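One structure is given here, and the rest of the page talks about it.
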Amino acid sequence: MSRRKDRERFQRIKEQNPGYTGFRGADNVVATPPAPPVLESVVCSICNRRRNVAMETLPEDRSSFVCLRCQGE
């Protein structure tokens, strides 16, 4: 689009909605992505394979950890 058409379009939108501030808006807020979960390496008690698991999901007794693959079987 040309600059003239952009200005005309903006004016039409502004007339229809006086609160319209443009594409970016008055307050351009940048959202920060959430922090990735903290992973810990744990050995599965059934298959004895080392797995990277989120710390929040680990049981109190780490020697009783069962990986998702073994839980599905």
Side-chain angles (χ1 to χ4, degrees):
M1 266 191 179
S2 68
R3 187 178 290 182
R4 179 185 55 83
K5 288 181 181 179
D6 282 340
R7 276 190 256 125
E8 290 172 358
R9 181 176 164 272
F10 178 75
Q11 286 300 330
R12 278 195 315 271
I13 294 173
K14 187 75 171 170
E15 288 170 3
Q16 293 173 357
N17 181 7
Y20 181 72
T21 56
F23 177 72
R24 291 188 176 93
D27 298 327
N28 191 6
V29 178
V30 178
T32 58
V38 178
L39 299 178
E40 189 170 324
S41 183
V42 183
V43 176
C44 175
S45 61
I46 297 176
C47 64
N48 292 324
R49 290 187 178 176
R50 187 176 299 268
R51 305 288 187 191
N52 290 327
V53 183
M55 287 185 65
E56 302 88 41
T57 60
L58 286 174
E60 293 285 328
D61 182 20
R62 296 191 195 288
S63 62
S64 66
F65 171 74
V66 179
C67 68
L68 290 175
R69 188 172 188 169
C70 293
Q71 286 177 7
E73 293 177 355

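What you see is a predicted model, and the numbers here were worked out from it, not measured in a lab.
A distance of 7.5 Å separates OG of Ser2 from CD of Glu8, quoted to the nearest 0.5 Å. Here the straight-line distance linking atom OG1 of Thr57 with atom CD of Glu40 works out to 10.0 Å at 0.5 Å rounding. Distance CD/Glu56 to CG/Leu39: 9.0 Å, rounded to 0.5 Å.
The hydrophobic cluster containing Ile46 also includes Val66, under a criterion of side-chain heavy atoms closer than 4.5 Å among ILVMFWY residues, counted directly or through chains of members. Hydrophobic clustering, defined by side-chain heavy atoms of Ile, Leu, Val, Met, Phe, Trp and Tyr closer than 4.5 Å, groups Met55 together with Val38.
Closest of all the heavy-atom pairs between Cys67 and Cys44 is N-SG, 3.4 Å. Residues Phe65 and Val53 share a closest heavy-atom pair of CZ-CG2, 3.4 Å.
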I'd like to know whether Arg7 forms a side chain to side chain contact (heavy atoms under 4.5 Å, CB included) with Gln11, so could you lay out the CA-CA distance, the side-chain angles of the two residues, the decisive distance to 0.1 Å, and finally the verdict. CA-CA 6 Å; Arg7 276 190 256 125; Gln11 286 300 330; 5.6 Å; no

